[in-house]
There are 2 protein chains.
Amino acid sequence: MPPASNREAILDAYERLLVEDGERAATVEAVARAAGVSKGGLLYHFASKDELADAAIERLHRVAAECAEQAATLPEGAIEVFLRDAVKTGDPLDVSLGAVHALHQSGRYPQAKPALDAVVHGWVAQLTDALGDPALARLVAVLGDGLYFGAAFNGGAGGVATPPASEQELDELIAAVQQLAALRGAKA
Amino acid sequence: MPPASNREAILDAYERLLVEDGERAATVEAVARAAGVSKGGLLYHFASKDELADAAIERLHRVAAECAEQAATLPEGAIEVFLRDAVKTGDPLDVSLGAVHALHQSGRYPQAKPALDAVVHGWVAQLTDALGDPALARLVAVLGDGLYFGAAFNGGAGGVATPPASEQELDELIAAVQQLAALRGAKA
DNA sequence: GTCTATACATGGATAGAC
DNA sequence: GTCTATCCATGTATAGAC
C-alpha cells in the first residue's frame, strides 16, 4: 500500500494522541477528528480499535529496525549517543515508542509488552557489544530508561521521575559515566 | 476517622487495581468488587471516582513523609540504600507511588503530577545532601528511576525498560556506581 | 473511500429501600 | 453503612446511503 492516503495520517494522529493524552483519550472518535475524517471513515481503514493498536506496534518494529541499522554504523561514543537519544523527543522512533508504551500502560494490549521488550533488548545488546563491559552496558541502559521516563513525555501523559535534565545536567551525567568507563577500561 | 472500617480496604483495593491492571481497569465497580462491597457501598465512602484518586494521592503524601523521616536517620551507604529501594516492590510506599503513577499516566488526573514531583524532589535533595556531589546524586536518582520503571511493575500494567535486574546484576550495578563515587571522592 | 445514523455495551452517579 | 435499581453519558462497532 504505497499511497496509503489517509491510513498513515490516521495512524499518525493515533500515535500523537496516545503519547500526548494517554490511551484513554485516544478514542476512535478523537483519532478520527484529529486525522480529519469521520468515525466511519477511520473504521474503513482499521476495522477495529485493536487493529489500530496492532498497526502502531507493527510500525514500532519497522522504525526500530531501521534505527538499529543506522546505529550499527556509528559505534563511536556509544555512551554519549545512547544517552542523548534517550532524552531526544519528537523523532519517529520516539513517538512510536511512546505510543506503544502508552498502550502497554493501559493494560489492555498484551501485544505491546513483547514489542517493547524486543526494542530494548536490541539496545542492550548493541551497548554490550560496543562497550565490551556487560555491567557497564546495563548501567547505561538503565540510565537511559531513567532519562527517557523522566524527560520523554513531560508535559504529556507520561513519566515522572526526575525533572527533565537541562543541557548542562545531561552533559555532567554523560561526563560522569564516561569517567567510570575510562576507569573500567571500557571500549568507548 | 480512626476505625475507617471499609474505607481503607476500598482504598487498598483501588491502589492494587491501579498498579496491577492500570487506571482503566480500576472502575468503580471493579474496585467495589475487589473490596467486597457494592457500587453503592463504595460511593458512600467516596462520593465520586475523583475522590478516590484524591484519597490515593493524599495517602502517597502521608506515606512518603513517613519514609523520608526514617531515611533521614540512616544516611550511611546512601547509594546502595536508594538503589535497592528502587527495585523493592510491595511495600506501602511502592504501592502508593505506583498507584499515583498510574493515575498520572492515564492523563486524567492533573493533581497526580505535583504529588509525584514532590516525592521525587525530596529524594534528590536527600541524595545530594548525603553524597555532597550534585551530579552524582542526579546520576543515582536517574538510575533509580530506570530501575523503578524497569522492575517495579513488571507483570502488571507498568513500565518496560530493561528486564528486571537479577540480584547479581543489581549488585554489579551498585558496585559500579560506588566505584565512580570513590573516584570522585563523594561522601558515601 | 467516506459519511450519517443507529445499535449495543460499559462506566459513573443518583434515588431510595433496608 | 450498605444494597438494588435506574438514569445518563460515552465509546465501540454495524448498516447502509452517497
Side-chain angles (χ1 to χ4, degrees), chain A residues 1-57 99 102-112 157, chain B residues 1-57 99 102-112 157:
Chain A
M1 8 132 150
S5 65
N6 273 345
R7 200 176 184 274
E8 292 299 302
I10 291 169
L11 200 48
D12 289 343
Y14 180 54
E15 281 184 341
R16 242 192 81 262
L17 276 169
L18 283 175
V19 172
E20 292 179 8
D21 301 333
E23 194 273 336
R24 196 147 183 189
T27 66
V28 172
E29 174 138 358
V31 173
R33 196 165 353 104
V37 297
S38 69
K39 264 204 249 197
L42 186 156
L43 289 165
Y44 167 77
H45 294 286
F46 303 92
S48 73
K49 222 195 161 188
D50 266 37
E51 278 194 23
L52 257 180
D54 289 339
I57 290 170
L103 291 179
H104 171 59
Q105 300 280 30
S106 79
R108 320 188 100 203
Y109 302 89
Q111 330 102 288
Chain B
M1 8 130 143
S5 66
N6 273 347
R7 200 177 184 275
E8 293 299 303
I10 291 170
L11 201 47
D12 288 344
Y14 180 53
E15 281 185 339
R16 243 191 82 262
L17 275 169
L18 282 176
V19 172
E20 291 179 8
D21 301 334
E23 194 273 335
R24 196 146 184 190
T27 66
V28 172
E29 174 140 357
V31 173
R33 197 164 352 109
V37 298
S38 69
K39 263 207 251 198
L42 186 156
L43 288 164
Y44 167 77
H45 294 286
F46 303 92
S48 72
K49 222 195 161 188
D50 266 38
E51 277 193 24
L52 257 180
D54 289 339
I57 290 169
L103 291 178
H104 171 58
Q105 300 280 29
S106 78
R108 321 188 96 204
Y109 301 89
Q111 331 99 288

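If you're wondering where the values come from, they're calculated on a predicted model, not measured in any experiment. So you know, we letter chains A, B, ... as the sequences are listed, proteins then strands, and number each from 1. Atoms considered below: every heavy atom in the structure, side chains included; atoms not considered: hydrogens, waters and symmetry mates.
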Pairs: protein N or O with nucleotides 11-14 of chain D N or O, under 3.5 Å:
residue: dT12(D); atom: OP1; partner: Lys49(A); partner atom: NZ; Å: 2.9
residue: dT12(D); atom: OP2; partner: Val28(A); partner atom: N; Å: 2.9
residue: dT12(D); atom: O4; partner: Lys39(A); partner atom: NZ; Å: 3.4
residue: dA13(D); atom: OP2; partner: Lys49(A); partner atom: N; Å: 2.9

**Message:** If I compare all heavy atoms of Ala26(A) with all of Leu18(A), which pair ends up nearest, and what's the gap?
**Reply:** CB-CD2, 3.9 Å
**Asked** Could you give the distance from CG (Leu52(B)) to NZ (Lys49(B)), rounded to the nearest 0.5 Å?
**Response** 8.5 Å
**Item:** Residue pair Ala32(A) / Leu42(A): nearest heavy atoms and the distance that separates them
**Value:** N-CD1, 3.7 Å
**Item:** Ala34(B) to Ala13(B) - nearest heavy-atom pair and separation
**Value:** CB-CB, 3.9 Å
**Glu29(B) atom CD: more than 12 heavy-atom contacts under 6.0 Å** = no
**Prompt:** Any side-chain heavy atom of Asp54(A) sitting closer than 4.5 Å to one from Tyr109(A)?
**Reply:** no
**Item:** Angle by which the axis turns from one end of the helix from dG1(C)-dC18(D) to dC18(C)-dG1(D) to the other, five pairs per end, to 10 degrees
**Value:** 0°
**Prompt:** Looking only at heavy atoms, which two atoms of Ser106(A) and Arg24(B) are closest? And how far apart?
**Reply:** O-CB, 4.4 Å
**Prompt:** First and last nucleotide of DNA chain C in contact with chain A, 5' to 3', at under 4.0 Å to a heavy atom: what are they?
**Reply:** dG1(C) to dT4(C)
**Item:** SB check Arg108(A) Glu23(A) (cutoff 4.0 Å)
**Value:** no
**Prompt:** How many angstroms lie between atom CD of Glu8(B) and atom CG of Leu11(B), to the nearest 0.5 angstrom?
**Reply:** 6.0 Å
**Asked** Which pair of heavy atoms, one from Ala56(B) and one from Leu103(B), lies closest together, and at what distance?
**Response** CB-CD1, 4.5 Å
